[in-house]
Amino acid sequence: MTSRTHVIYLPGLGDRYDPMRCFFLRAWSLYGVRVTMIPMRWSSDESYDAKRARVLSALDMLNNERIVLMGESAGGSMAVSVFAAQSGVVAGAMTLCGKNTRSDNVSPRIYAHNPAFRESMQQAETLVKTLRPKQSEQFVSIVPLYDPTVPVAETLIPGCQKMTLPLVGHLVAILAMLTIYAPLLARRARKLSR
């Protein structure tokens, strides 16, 4: 097995930001990790199962690499689901302002505009209960000091590691995590994959 860490990045809502996400994630190779972003296309009519299948297909193609899932905001729910079901394949998971719990605390309007997100949240909440303590320790929730969009308490799963950065807000925090804090997050991903 090679020592390379490969981050599978699962973006949140706001498909129009994908080109910007890709642009920033390309620089992560400077910090010793390879990143593949899997577009979630949350606002499309594509089913949850089709979105999840895209993630699983990417995992199947990455032989001899240590994989860390990284879910951003709504992508956190997909990261939780895949990590819980694929913990033998995935070395760890991280979420950036991840919406990982409380499917009941999402506006019906958001679910209406992003149909598969509801099922992703429900699957995450079901599968997180199957995680063993050792698996939960391989999950890192990266949060700002305050996030009005995804409250910090809703990013945490039982037994996970929590990393708080000196940031406030949701979009601003995610942007800072992808840029200013990229070296720190890449280092944490490499540590998870050891």
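Computed from heavy atoms alone, side chains included, the values below leave out hydrogens, waters and symmetry copies.
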Minimum side-chain heavy-atom gap [X]-[Y] below 4.5 Å:
X    : Y    : answer
L184 : L165 : yes
L178 : L25  : yes
M163 : V143 : no
F83  : L127 : no
M121 : S77  : yes
T101 : V128 : no

Problem set entry | Option from S73, S120, P11 for which side-chain contact (heavy atoms from CB on, under 4.5 Å) with W42 holds |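 For W42, the side-chain contact (heavy atoms from CB on, under 4.5 Å) check succeeds only for S120.
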Would you check if the side chain of [X] reaches a backbone N or O of [Y] as a donor-acceptor pair within less than 3.5 Å?
X    : Y    : value
K162 : I142 : no
R34  : R4   : no
S103 : Q122 : no
N114 : F117 : no
E46  : R41  : no

Are [Y] and [X] co-members of a hydrophobic cluster defined by side-chain heavy atoms under 4.5 Å apart?
X    : Y   : value
M94  : F24 : yes
L131 : L69 : yes
Y9   : V82 : no

Mark yes when over 12 heavy atoms from residues, nucleotides or ligands other than D104 sit less than 6.0 Å from its CG; otherwise mark no.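 For D104, atom CG is crowded (more than 12 foreign heavy atoms under 6.0 Å).
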Pair R52, Q123: side-chain N/O donor-acceptor within cut-off below 3.5 Å:
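On atom types as modelled, these side chains do not qualify, holding no pair under 3.5 Å.
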Legend entry - Donor + acceptor pair across side chains of N100, T155 (<3.5 Å):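 Per modelled atom types, N100 and T155 side chains form no pair under 3.5 Å.
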ask   = Is any side-chain N of the basic residue among E72 and R21 closer than 4.0 Å to the acidic one's carboxylate O?
value = yes
To the nearest 0.5 Å, atom CE of M78 lies from atom NZ of K99 at 16.0 Å
Shortest non-hydrogen pair, T179 vs P183, comes out as O-CD, 3.9 Å
